There are 2 protein chains.
Amino acid sequence: MTNDHNAPQTVIKQDELRLEKFLPYRLSVLSNRVSNAISQAYGARFHLTIPAWRVMAILGRFPDISAAELVEQTAMDKVAISRAVSSLLKSDYVTRREDPADRRRQVLNLSEQGREVYARIVPLAQQYENDLITSLSTEEREQLDSIIEKLMVRAKEWSERGLIDE
Amino acid sequence: MTNDHNAPQTVIKQDELRLEKFLPYRLSVLSNRVSNAISQAYGARFHLTIPAWRVMAILGRFPDISAAELVEQTAMDKVAISRAVSSLLKSDYVTRREDPADRRRQVLNLSEQGREVYARIVPLAQQYENDLITSLSTEEREQLDSIIEKLMVRAKEWSERGLIDE
DNA sequence: TAACATTGGTTTCAATTGTAACCACTGTAT
DNA sequence: ATACAGTGGTTACAATTGAAACCAATGTTA
């Protein structure tokens with residue numbers, strides 16, 4: 001395929017799969033390693049799960065939104081959001097008030113406390129991201145950015161339009 | 001700490017986090033989308049979970065290995081492997097025999113049936129990968145390959161040497 | 001040889017997650 | 001008003017997962 005530095009042609013039989021080179025697999029291993037490391041970091045310090053932290057991250061940037069809007073933003077599902085929010089309410093990191101215009105809708109926000117925690121996690125998160133990409137040149141960072149964007153479009157199509165063939 | 005190449009045009013306050021641009025987050029969303037789509041594809045056709053399929057994929061390339069070696073190869077954990085193997089034994093996709101040299105160790109292989117299923121899944125998997133990367137140019141594919149490699153090294157260091165700071 | 005640490009692998013139990021059913025409210029049509 | 005479909009959000013239950021305890025075999029030390 002792309003790179004074979006030590007062989008004139010790829011020697012792998014077509015009916016074998018090189019898992020180590022298989023993109024979906026590599027993405028998954030990489031992403032798991034990264035997520036686990038980071039979630040340990042703030043999980044340990046602030047007792048936050050990844051979904052909870054995601055909710056806070058969104059609320060930090062977009063105040064006054066509802067759970068449904070969180071679903072849109074994060075691509076997490078309804079139930080996960082509901083649970084994350086309810087645990088964040090319990091720990092007083094977020095506040096919730098009814099939207100008088102639509103009494104089904106609950107408007108969410110970071111609480112004072114939540115804002116403090118948020119302010120402390122953000123640099124930590126950035127530090128991790130920084131550390132992760134120090135090994136990349138500026139060009140590579142840009143490349144990665146645009147490549148991820150393209151892959152995401154494709155993957156999104158899968159989930160929307162159903163799978164290949166079928 | 002390490003390097004700082006931030007553009008002057010960035011308007012986001014430093015103490016805010018743009019989740020949509022946060023690499024660990026994007027990786028996770030992308031990887032989940034891809035994995036779910038693909039696992040649906042062969043889960044539906046062959047009743048395989050992702051861990052089970054991974055085990056088969058490794059066994060297809062590396063016969064006569066043990067569960068412990070599977071752990072090494074896949075970065076999955078002991079228990080996940082154990083469960084996957086036991087379900088694969090039940091469906092007769094893999095065989096297991098005791099290593100006479102070390103009676104704790106079990107040597108695993110694809111069965112005839114397993115090999116057949118493997119042979120049918122491989123093209124399917126490749127088709128998905130293909131479809132995913134059609135949106136990328138040849139250069140981009142090479143870039144992605146090497147970038148993932150670099151990120152993986154870093155993430156691996158985290159899990160081995162513990163986290164940043166600490 | 002007895003004692004103890006280590007390794008390969010499984011089991012158990014609790015926490016996390018996903019799916020579907022559900023309740024409460026709103027919007028629309030009758 | 002009344003009925004009914006759609007939406008926001010939660011609950012209940014089953015399946016999946018992870019951590020820790022565990023068993024059996026091996027290696028190591030004395």
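Not measured: the values here are computed from a predicted model. So you know, we letter chains A, B, ... as the sequences are listed, proteins then strands, and number each from 1.
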Open item on the list: Can you see if the side chain of B/Arg105 gets near the phosphate of C/dT6 - specifically, an N or O under 4.0 Å from OP1 or OP2?
Closed with: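 Checking C/dT6 against B/Arg105, no side-chain N or O comes under 4.0 Å of OP1 or OP2.
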
Open item on the list: With a 4.0 Å cutoff (strictly under), does any side-chain N or O of A/Ser82 reach OP1 or OP2 of D/dG9?
Closed with: no

What is the distance, to the nearest angstrom, from the [atom1] atom on [X] to the [atom2] atom on [N]?
| X | N | atom1 | atom2 | value |
| --- | --- | --- | --- | --- |
| B/Ile81 | D/dT17 | CD1 | C1' | 14 Å |
| A/Glu72 | D/dG9 | CD | C1' | 15 Å |
| A/Lys90 | D/dT10 | NZ | P | 12 Å |
| B/Met76 | D/dT17 | CE | C1' | 11 Å |
| A/His47 | C/dA15 | NE2 | P | 15 Å |
| A/Leu48 | C/dT16 | CG | C1' | 16 Å |
| A/Arg97 | D/dG8 | CZ | P | 17 Å |

Open item on the list: Quick check on contacts: within residues 49-60 of chain A, what sits under 4.0 Å from DNA chain D by heavy-atom distance?
Closed with: none

Task: From A/Ile58 atom CD1 to A/Ile65 atom CD1, the distance as rounded to the nearest 0.5 Å - done: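 Between atom CD1 of A/Ile58 and atom CD1 of A/Ile65 there are 6.5 Å.
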
Open item on the list: Under 4.0 Å, counting only non-hydrogen atoms across every strand here, what does A/Ser66 touch: a base, just sugar-phosphate, or nothing?
Closed with: sugar-phosphate

TODO: Just grab all the salt bridge (charged side-chain N to carboxylate O under 4.0 Å, His left out) pairs involving residues 91-102 of chain B, residues at least two apart or on different chains.
DONE: B/Asp64-B/Arg97, B/Asp99-B/Arg105, B/Asp102-B/Arg104

Open item on the list: Within the 3.5 Å criterion, strictly below it, is a donor on A/Gln113 or A/Ser111 matched to an acceptor on the partner's side chain?
Closed with: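 No, no side-chain donor-acceptor contact under 3.5 Å.
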
Open item on the list: Distance alone, cut at 3.5 Å: any donor-acceptor contact between the side chains of B/Glu149 and B/Ser146?
Closed with: no

Within the 4.5 Å heavy-atom criterion, are [X] and [Y] side-chain neighbours or not?
| X | Y | value |
| --- | --- | --- |
| A/His47 | A/Ser91 | no |
| B/Phe22 | A/Gln126 | no |
| A/Phe62 | A/Glu69 | no |
| A/Ile121 | A/Leu48 | yes |

Task: Sidechain-backbone polar pair: B/Tyr93 side chain, B/Trp53 backbone, donor-acceptor under 3.5 Å - done: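 No, B/Tyr93 side chain to B/Trp53 backbone: no donor-acceptor pair under 3.5 Å.
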
Open item on the list: For nucleotides 19-29 of chain D, give me one character per nucleotide, 5' to 3': B if any protein heavy atom sits under 4.0 Å from the base, S if the only such contacts are to the sugar-phosphate, - if neither.
Closed with: BB---BBS---

